[in-house]
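To keep things clear, I will list the structure first and then write my remarks on it.
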Amino acid sequence: MANQKLVMLADTERCVNCKGCEVACRAEWNTPLGFNRNWVIETISISDDGVPHMYLISGRCQHCDDAPCVTNCPSGASYQRDDGVVLVDREFCSGCEMCVQVCPYDARFKNPLDDKISKCTFCQPRIDAGEQPACVEVCFNRALIFGDINDPNSEVSQLLKQEKWKKLVTDKVDTKPNHYYSESTYLDASVLPQEKEPTIEAEVISKVVNPVVSVGFSGMLGLFGAAGIMKIIKRREEVSNDSHSE
Amino acid sequence: MGTERDTGVTRRGFLGLTAGTAAGVALGMRSFKAHAAVPHTEETWEGGTVIPSTCNMCVNRCGIRCRVVNGVLEKIDGDIRNPRSRGGTCAKGQAGIMSVYDPDRVKHPMIRVGKRGEGKWRRASWDEAFEYVADNLARIIKQHGPESLLWSSTTDLTEQFFVRLGIHLPTPNFARHATLCLASRNVGYFATMGGVPDSDLANAKYILMFGANRTESFQLPDNWTMIEGIKNGAKLTVVDPRMTYTAAKGEWIPIRPRTDMALTLALMHVLIKEELYDKEFVATNTHGFDELKAHVANLTPEWAAQETEIPAEKIVAMAREMAAAAPAVVVYPGRRTSWYTNDSQFRRTLPMLMALLGAFDAPGSHSFGSPKARLGSFEWEIEPFDVAERFDHFETRYPLANHEDGGYVSLRDAIVDGTTAYPVKGWMIYKQNPLAAVLDGKKSLKMAQQMDFICAIDVQPSETAWMADIILPETTYLERLDPLWAPSGPRAYVGIRQPVVPPQGEAKPILDIIKGVAKALDAKHEFETPLSQVFNFSMEEFIDAQLKGLPIDRQTLMQEGIWLGPEEKKSYGAYRSGKKQFNTPSGKIEFVSERFRRNKFPALPEYETPQEVPGQQRLVSGRHAWFTHQRGHANNLWLHELYPENEVWIHPELARQKGISEGEEVLVRSSVGEIKIKAKVTPRIRKDTVFICHGFGGNSAGQTTAQGKGGADFMLMESAGDEISDNQATHETFVEVVKV
Amino acid sequence: MLKKRSLIAGLALIITSFITMDIAVAAGKANWKRGRVYYRMVCTVCHIQETGAAISPNSRTIAEWKAYMAADKHDASGKSKPKVSDYTSKAYRESIKGSNKAAKKFLKMPDAALFADVKAFVVHGAKDSDTPASCN
């Protein structure tokens, strides 16, 4: 896990929307009906000659490097691991759903079974045990590929070199996702990240509370530290004054 | 069940954050980016016990590894060692868990108490159930003879135990699924080249598919070898009135329905006229070229363009591209060929085209003889030979059909129309749902109403089971030990299906059910061989007989889950050189079918222009990868979630004409039925055609998730069958789409 | 002179009765399914052992099978019995009935009837029949 950077590749040319990945995920994580941690979306575009073209696009949390779910989380339950996997610490998750509102990919939801936030974790327990994510493992057509791009010999590294890929970003939204898609995929509004109007609470958390608290912490440390030093100096002065007064 | 953990942490609201600087500091610390040193609580994973087995959500039998935690089946993973499934499982395979835990599942013998089909049942013990079944069977045998029993079932490994009981009664009246599916393909291919060849899709340079929807109707290994072929640069051409996901992976040719033969004959015309065919292959390996040449002389691309609505230049281009790619061309045989009344003849034209291209016995084309492990066979008691003729004269009416399968539509019609050779009073059904599969569902209901006795053996309370007098619950595949099997290629192997969790309720595997019925029947009637003697063995003994000659024992196989044969390198040339012959009367691939000629069918396929019905559209059916036909998958909670209701696909222009908008509920009406169904307005279907996915319109109150969802295609479809194989023809119905 | 005549008459009688028996058998329908069971359980085992593969009905045409069964020549090498009908004979069935279900079940059948069943099976599954059968 040290020095790894884990990414997911979706070869949309290989996907046939059999939804093995969707049900495998549901089975693995007991996702209640009505919710999904991952999905395949079917989009159609009509070319100039009137011929319909179909694209099958696998979606899930994009495990962004610049994740608004992390910066907007009041409790710090949402965090990114060193290897890039974005996770939810369920012990600290309050279920406030601020992350749900700010995710440009609508990848998160509150699980009614425990009132905590649920989302794709790249099957963190499986991958930490040396297995592949469930969605990757079941795919007959090898449409999902997962691995470490810091390892030049990994399958993802090879594929990133050999074929052409792109990410789900727009000129308005780029949260530095770690999920790649075949260059040939036509991306329409239904799959591209949406600009999210953060709620007032989220704005406050991400722009005021978290920075202030972080400033506050170092500030407090600084203050305490400065106060402490001041105290020592003052005390020394006092002592010295006292000693001088005798 | 599950990996839920109660963390015992109380909910914290937004306001709670401002309470207390210390708390605020502690929480604020965590949102610091530089918090790597702070330990997080991550999820853990319980591996559980892993038991290898084999899926049965469809016929492909993918290898699976089942994870059981505290006696509960938590997860099904694929088995990477399986050469055909290579670790894959689809949505259905993953949802196998919910077939075990489906609350609607039949878990106890159920005896009808109200009127047939009313849905009033009482639970019975197995002892009572066996007596009840045996009483009724014995009564019918004594009054009308054992041939008065219709014995129907659908394929898989355990079907043979059910069929064997029928054989020993003895009744000749079997009804298997082949005429609901691929009987016409088999007849066409057997007549032309002696069998259905494998397709080397992964290495093909050009793939021509008629209808076959490998991306949504999985057939191992073709569903993934086709994708590998496309990634390797193969050109895929899909001829289909509907744009399936398969058509979306290549070039979609939206052919006018029922004109496929015009296209294939015209392609042959071009290959012969432009001398692009493989002369050496044709000379060495085919029979009747001169007659074929004369036969297609006037079947030009221009002629075909008028029939098919495919431009003539396109047809010519296709022929030239295929010839350029030959021999690495796949002219795909297909699987479900229950389309039209001329399917057997159309399916002849595919291997004929293949032979002209010389696309056989070379990489990227077709072949016979993929590796296959040789299983021993269990020695059954010898069956009686003094058996009546079938009640429906099937052998005389369809001499080239497979007589052991029966023709479903024609036997159903014979019963309802009263044209049977003798009365058919009883019906035993195993693992089959004909009331939701055979054309003209209303007529099939009449057949059920006419029976004195119906017993259904099933897992789900299907439409057919709901009309029975007694339902006997079988175990699902995840609770059952089955016979072994050894499929052919890419590498020989032997697979096993074994119990992963104990049976739910009182469900029993079929062998135990048959033994119970056999024992009760022996007490009421004397059979040539006592039935209990016929079934006097355990499944373990059956498997041991199959393993004879193989270097593996049952315990090891159950432990490992699979035995792999040696890796074999594919060799080519034995057929091309003429050394190996084909299993046909001439020993060659027959352009002119001597077998057809002898039976007074046209020896060369003859095209006929399809009828149209003004103001109506042809109804076509098909499926998605998320269900298997009418198997109760619509009732599986996880599969239902993916696709709760089907729709009728109509072209935007047709929708505009009728003022129908997307998602609107419409009426679809044919001469035999009417359904209410939502409209899907899409350019993925021709203007003169509508599509309704099979597997919906559930009509069993016992299936609480599926009942009433969507519309049933088979309620609209008129009875029709292929002239030679009696394969039911599901695409011969015209319908009216009515705005409500 | 009398002895020779009665001998000839006796032979003629025997031959005629065989012919009528054959006719009788031909008139009674041969059962290819029964022939299949016998062929599978009695013939195939040795075929595989001796030749490495089963001898499928579809390995010969209808005409070839009819000629083969009429000639009734099985094997001249001496490794196995010289005539096909040796294997359908009651004597043979008697000799293997202890270990062979088919031999035991069909023990009482007349030789000609069982021979006709086996012939019906191979002809029914011949290469150029409507239902060519392999041994798989």
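So you know, we letter chains A, B, ... as the sequences are listed, proteins then strands, and number each from 1. Keep in mind that what you see is a predicted model, and the values were worked out from it rather than measured.
- No salt bridge links R597(B) with E590(B); every basic N to acidic carboxylate O contact stays at or beyond 4.0 Å.
- Using a 4.5 Å cut-off between heavy atoms, I382(B) touches chain C through backbone and side chain atoms alike.
- Heavy-atom distances place both the backbone and the side chain of K33(C) under 4.5 Å from chain B.
- Within the 4.5 angstrom heavy-atom criterion, no atom of R60(C) approaches chain B.
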What's the verdict on side chain to side chain donor-acceptor pair (under 3.5 Å) for N58(C) and N583(B), showing C-alpha distance, side-chain angles and the deciding distance? CA-CA 7 Å; N58(C) 66 359; N583(B) 190 16; 3.2 Å; yes
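- The ring pair (Phe, Tyr, Trp, His ring centres under 6.0 Å) with H74(C) is formed by just one residue from the set Y92(C), Y68(C), Y87(C), F115(C); it is Y87(C).
- Of residues 123-131 of chain C, those residues with a non-hydrogen atom less than 4.5 Å from any non-hydrogen atom of chain B are, in numerical order, K127(C), D128(C), S129(C), D130(C).
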For R93(C) and D111(C), what are the C-alpha separation, side-chain angles and deciding distance, and is it a salt bridge (charged side-chain N to carboxylate O under 4.0 Å, His left out)? CA-CA 10 Å; R93(C) 281 174 265 149; D111(C) 287 7; 3.0 Å; yes
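- Neither the backbone nor the side chain of S377(B) comes within less than 4.5 Å of any heavy atom in chain C.
- F360(B) and F582(B) have tilted rings, their planes meeting at an angle from 30° to 60° on a 0 to 90° scale.
- Below 30°, between 30° and 60°, or above 60°: for F106(C) and F385(B) the angle between ring planes is between 30° and 60°, a tilted geometry.
- Here T284(B) contributes atom OG1 and Y575(B) contributes atom OH; the two are 14.5 Å apart, rounded to the nearest 0.5 Å.
- Between D386(B) and R34(C) there is no salt bridge, since no side-chain nitrogen of the basic residue lies less than 4.0 Å from a carboxylate oxygen of the acidic one.
- Contacts between N599(B) and chain C at a heavy-atom distance below 4.5 Å involve the side chain alone, from C-beta outward.
- Proximity to chain C (any heavy atom under 4.5 Å) is shown, for E381(B), by both the backbone and the side chain.
- Between P487(B) and R61(B) there is no side-chain heavy-atom pair separated by less than 4.5 Å.
- Of the inter-residue distances, the one linking Y493(B) atom OH with S488(B) atom OG reads 9.5 Å to the nearest 0.5 angstrom.
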Test salt bridge (charged side-chain N to carboxylate O under 4.0 Å, His left out) on E528(B) and K105(C) and set out the steps. CA-CA 11 Å; E528(B) 192 179 294; K105(C) 176 116 185 173; 2.7 Å; yes
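- Residues of residues 41-48 of chain C lying under 4.5 angstrom from chain B, judged on non-hydrogen atoms, are M41(C), I48(C) by number.
- Using the six-membered ring where Trp is involved, F537(B) and W380(B) have ring planes that are perpendicular, over 60° apart on the 30 and 60° scheme.
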